[in-house]
Student: 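One structure follows; several queries about it will come next.
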2 protein chains.
Amino acid sequence: MDAPGTPTLDEVARLAGVSRATASRAVNGSSRVSDRAREAVEAAVRSLGYVANPAARSLATRRTDSVAVVVPEPDDRVFSDPFFGRTLTAVNRVLAERDLQLVLLLARPGEEEGRTLRYLRGGHVDGAIVVSHHRSDHLAEHLAGLGLPCAFVGRPILGADRVAWADTDNVAGARLATELLLERGCRRIGHVAGPGDMAVGQDRLAGHLAALAEAGLDRDPGAGPVEHGDFTEASGEAACARLLAAYPDLDGLFVASDLMARGALRALAAAGRSVPDDVAVVGYDDLGADHCTPPLTTVVNPAGDLAERATRLLLARLDDPAAVPEPVLLPPTLVRRASA
Amino acid sequence: MDAPGTPTLDEVARLAGVSRATASRAVNGSSRVSDRAREAVEAAVRSLGYVANPAARSLATRRTDSVAVVVPEPDDRVFSDPFFGRTLTAVNRVLAERDLQLVLLLARPGEEEGRTLRYLRGGHVDGAIVVSHHRSDHLAEHLAGLGLPCAFVGRPILGADRVAWADTDNVAGARLATELLLERGCRRIGHVAGPGDMAVGQDRLAGHLAALAEAGLDRDPGAGPVEHGDFTEASGEAACARLLAAYPDLDGLFVASDLMARGALRALAAAGRSVPDDVAVVGYDDLGADHCTPPLTTVVNPAGDLAERATRLLLARLDDPAAVPEPVLLPPTLVRRASA
DNA sequence: TGGACGTGTGGAAGCGCTTCCATCCGGTCT
DNA sequence: AGACCGGATGGAAGCGCTTCCACACGTCCA
């Protein structure tokens, strides 16, 4: 790992004519160092090209100065869904403010959360941010049990009271979307829902059904034009096709994510339906929605904000492990474009 | 970083009734351990839930068991260009075989390579894989100078003889693409090129020009219908628009990446040109090319293979630092679809 | 039967850093 | 002038692990 002649703090101290203790204090910007000593050390550091050995430092301080971002999704989704791009970008930016390194932990297909959990327990990181959490991964409970500081982007479906999290109010957002379709006069409204094992999928479905119920369009739970996707474009297309097959007279469609909505638009086009005239469509997320044809009316899910808030919650935990952070819940807003 | 009561190797050894040295050997699967001792240690590890402290291990072994992937691009490109997704997925898979952790190092906008270089020099990782390297980052030279084992995905533009790399033959690929357009009968062929400060941009341009020259369509270097983009969809659209404005009679277009080609198709549609009848288009990469309208004829750039080959080159270097690996150069192939 | 050899084991030395604690020093207060 | 104080400093312990080395103990062969 180190180049052969990597200088150590000892050599810096010797060159600067101070003890290793003082050199360490100078390097770490401690106050209890005279200007004279500090300058000597700084000069020595420069002339030797000294860089502290992170393993040694970490061993002594019991900190690693790095934070894991855990994404229990296959890599291809992470690198194709703009939601993750936004999220990781924001997390990275906030962590960089404090010189913390981001370590991306992806679930690899076919493996349980064992490997990830082992990594987190192994003391490789000071804390974790969990992004796309599913019911079955039990991450909130595991992490709370571990005592590892953590924060969730999106309310955890289990153990939400034991960890910090930031989310948008997905129930309210879905209600907004559905109400818009109702106002437009749609009466046979379908829903391409997110995964049933994620809070975001459940909440958007719940908000949608609540709005329908208020409008007197009750339906039996579990019945009606609802098909689940997994937040990929392909799943949105397939779900929409199933919906059209079962309910050919659909006049409105609420899709639980813009990426799925993009797939749905393709299915609608393939079925010869015009949007919004035959079927009005509302998406969710406002990620790439303006690049669809037609541009998508959607609910804003401020992924960057959310990630930043979650990261700051984590930072607060790192600063003061005793602090019990309040969850953050942001209000949704609707953006009207051409599709509804 | 550690939970308060994290068990140490000492406690494992005590519980197993052996010395710490033996416990260490057992944990690391050394051969020089009796079955009796090994089983006792394994039992102790299980009952205590022992996980080795990576900092301590790394300090003693001078290894970190992690590898950096360096991408000198802004995060938003990394998370939107499918090329990176493929690449990172493949690297991650190969590293996982050896239980190496991937650490993603993105250039943050507005900062020089200082931070990245500091990290690499700091001994945080055992080696590095560099993905989208530009002339000005001088990464090949820096890394070779550092003595840090590394491998490049895509031939480095400077210092290619000092580091390991894997690439496809981009000159040959561009030639293939251009020849196809020529065979089709195109005579006024434009090119949306990649960045001029990357080997891949230069090579694809060179192959294109070589094919034109062979067909007797020489042109002054630097002149003619060539516009550069930066491998984003938006830049492809803009470059194509510039091309159409300057050369309204274009009948063929070779675009140096599929993502840019997608943008180019949009520009062509906006200009009312039909593809392939008015303008035949060939892309490069075969990433999402089949999802374009019309589906894109393109040159296959096997991003996953490339990344895997580069990663294996790195692993070989890690196993035997003295080994001087041969560069890998894969042949390109053409995929015909509707656009040309 | 004695030496050579191989195998499993433990003691102990470090890896490079931080930080507690004792010490020292110059200045201030009484 | 002496006690006192606070800031700067160095010595040394220790973070948890690996690994060199020495040693004990059989085994095997001459």
Side-chain angles (χ1 to χ4, degrees), chain A residues 1-42 44-45 48-66 99 121-126, chain B residues 1-42 44-45 48-66 99 121-126:
Chain A
M1 114 195 187
D2 291 333
T6 304
T8 71
L9 190 57
D10 246 331
E11 302 171 37
V12 170
R14 209 170 310 136
L15 181 60
V18 299
S19 72
R20 191 168 70 232
T22 300
S24 171
R25 281 185 287 250
V27 165
N28 292 295
S30 152
S31 53
R32 300 252 169 289
V33 182
S34 65
D35 288 350
R36 213 165 91 17
R38 180 187 322 282
E39 282 156 23
V41 170
E42 282 168 1
V45 164
L48 260 42
Y50 169 78
V51 185
N53 177 317
R57 171 173 285 171
S58 168
L59 184 57
T61 59
R62 320 184 118 273
R63 285 183 295 104
T64 64
D65 296 319
S66 59
D99 251 295
R121 291 179 51 206
H124 292 265
V125 294
D126 298 337
Chain B
M1 111 197 188
D2 291 335
T6 305
T8 73
L9 189 56
D10 246 331
E11 301 170 38
V12 170
R14 208 169 313 139
L15 181 58
V18 300
S19 73
R20 191 168 70 230
T22 298
S24 172
R25 281 185 286 252
V27 165
N28 291 296
S30 152
S31 52
R32 299 252 168 291
V33 181
S34 65
D35 289 349
R36 214 165 90 17
R38 180 186 321 282
E39 282 157 22
V41 170
E42 282 168 1
V45 164
L48 259 42
Y50 170 76
V51 184
N53 177 318
R57 170 172 286 169
S58 168
L59 185 56
T61 59
R62 319 184 117 273
R63 285 184 296 103
T64 64
D65 296 319
S66 59
D99 252 297
R121 293 180 50 206
H124 292 266
V125 294
D126 298 336

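Lettering follows sequence order; numbering is per chain, from 1.
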Student: So do the side chains of B/Ser30 and B/Asn28 get within less than 4.5 Å of each other, counting heavy atoms only?
Tutor: no

Student: Are B/Ser24 and D/dT18 close enough that a side-chain N or O sits under 4.0 Å from OP1 or OP2?
Tutor: yes

Student: How long is the span from the CD atom in A/Glu39 to the OG atom in A/Ser34, to the nearest 0.5 Å?
Tutor: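 Separation between the atoms: 8.5 Å.
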
Student: Between D/dC15 and B/Asn53, is there an OP1 or OP2 to side-chain N/O distance shorter than 4.0 Å?
Tutor: no

Student: Would you give the length of the straight line joining atom NE2 of B/His124 to atom OG of B/Ser58, rounded to the nearest 0.5 angstrom?
Tutor: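 Reported value, rounded in 0.5 Å steps: 10.0 Å.
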
Student: Calculate the interatomic distance between A/Arg63 atom CZ and D/dC15 atom C1'; express it in whole Å.
Tutor: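 To the nearest whole Å, that distance equals 13 Å.
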
Student: As an exercise, state the distance from OG of A/Ser24 to CG of A/Asp10, rounded to the nearest 0.5 Å.
Tutor: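 Going from the OG atom of A/Ser24 to the CG atom of A/Asp10 covers 11.0 Å.
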
Student: How far apart are the closest heavy atoms of A/Val12 and A/Ala44, and which atoms are they?
Tutor: O-CB, 3.7 Å

Student: Could you tell me the separation between the OH atom of B/Tyr50 and the OG1 atom of B/Thr6, rounded to the nearest 0.5 Å?
Tutor: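 Rounded to the nearest 0.5 Å, the OH-OG1 separation comes to 10.5 Å.
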
Student: Does B/Arg57 have a side-chain nitrogen or oxygen under 4.0 Å from the phosphate oxygens OP1 or OP2 of D/dT18?
Tutor: yes

Student: So how far is it from A/Thr8 OG1 to A/Arg14 CZ, rounded to the nearest 0.5 Å?
Tutor: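 With rounding to 0.5 Å, OG1 (A/Thr8) is 7.0 Å from CZ (A/Arg14).
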
Student: What N/O pairs connect the protein and nucleotides 24-28 of chain C at under 3.5 Å? Give each pair on its own line.
Tutor:
none

Student: For A/Leu59 and C/dC15, give me the distance from atom CG to atom C1', rounded to whole Å.
Tutor: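 Taking CG of A/Leu59 and C1' of C/dC15, I get 9 Å after rounding.
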
Student: To the closest 0.5 Å, what do you measure between CG (A/Leu59) and CG (B/Asn53)?
Tutor: 6.0 Å

Student: Is any side-chain N of the basic residue among B/Arg63 and B/Asp126 closer than 4.0 Å to the acidic one's carboxylate O?
Tutor: no

Student: Whole angstrom is fine here: how far is it from CG in B/Leu9 over to C1' in D/dT18?
Tutor: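 Roughly 9 Å, once rounded to whole Å.
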
Student: Rounding to an integer number of Å, can you tell me how far A/Arg62 CZ sits from D/dC17 P?
Tutor: 10 Å

Student: When the axes are fitted on five pairs at both termini, how much does the helix from C/dT1-D/dA30 to C/dT30-D/dA1 curve, in 10° steps?
Tutor: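 The angle, to the nearest 10 degrees, is 40°.
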
Student: Treating primed atoms plus P, OP1 and OP2 as sugar-phosphate and everything else as base, which nucleotides of nucleotides 5-12 of chain D get B, S or - for protein heavy atoms under 4.0 Å?
Tutor: --SSBBB-

Student: Could you state the CZ-P distance from A/Arg14 to C/dG16, rounded to the nearest angstrom?
Tutor: 12 Å

Student: Any idea which heavy atoms bring B/Val18 and B/Ala23 closest together, and the distance?
Tutor: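 For B/Val18 versus B/Ala23, the nearest heavy atoms are CG2-N, 4.0 Å.
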
Student: Taking side chain as C-beta onward, heavy atoms only, is B/Asp65 less than 4.5 Å from B/Asp99?
Tutor: no

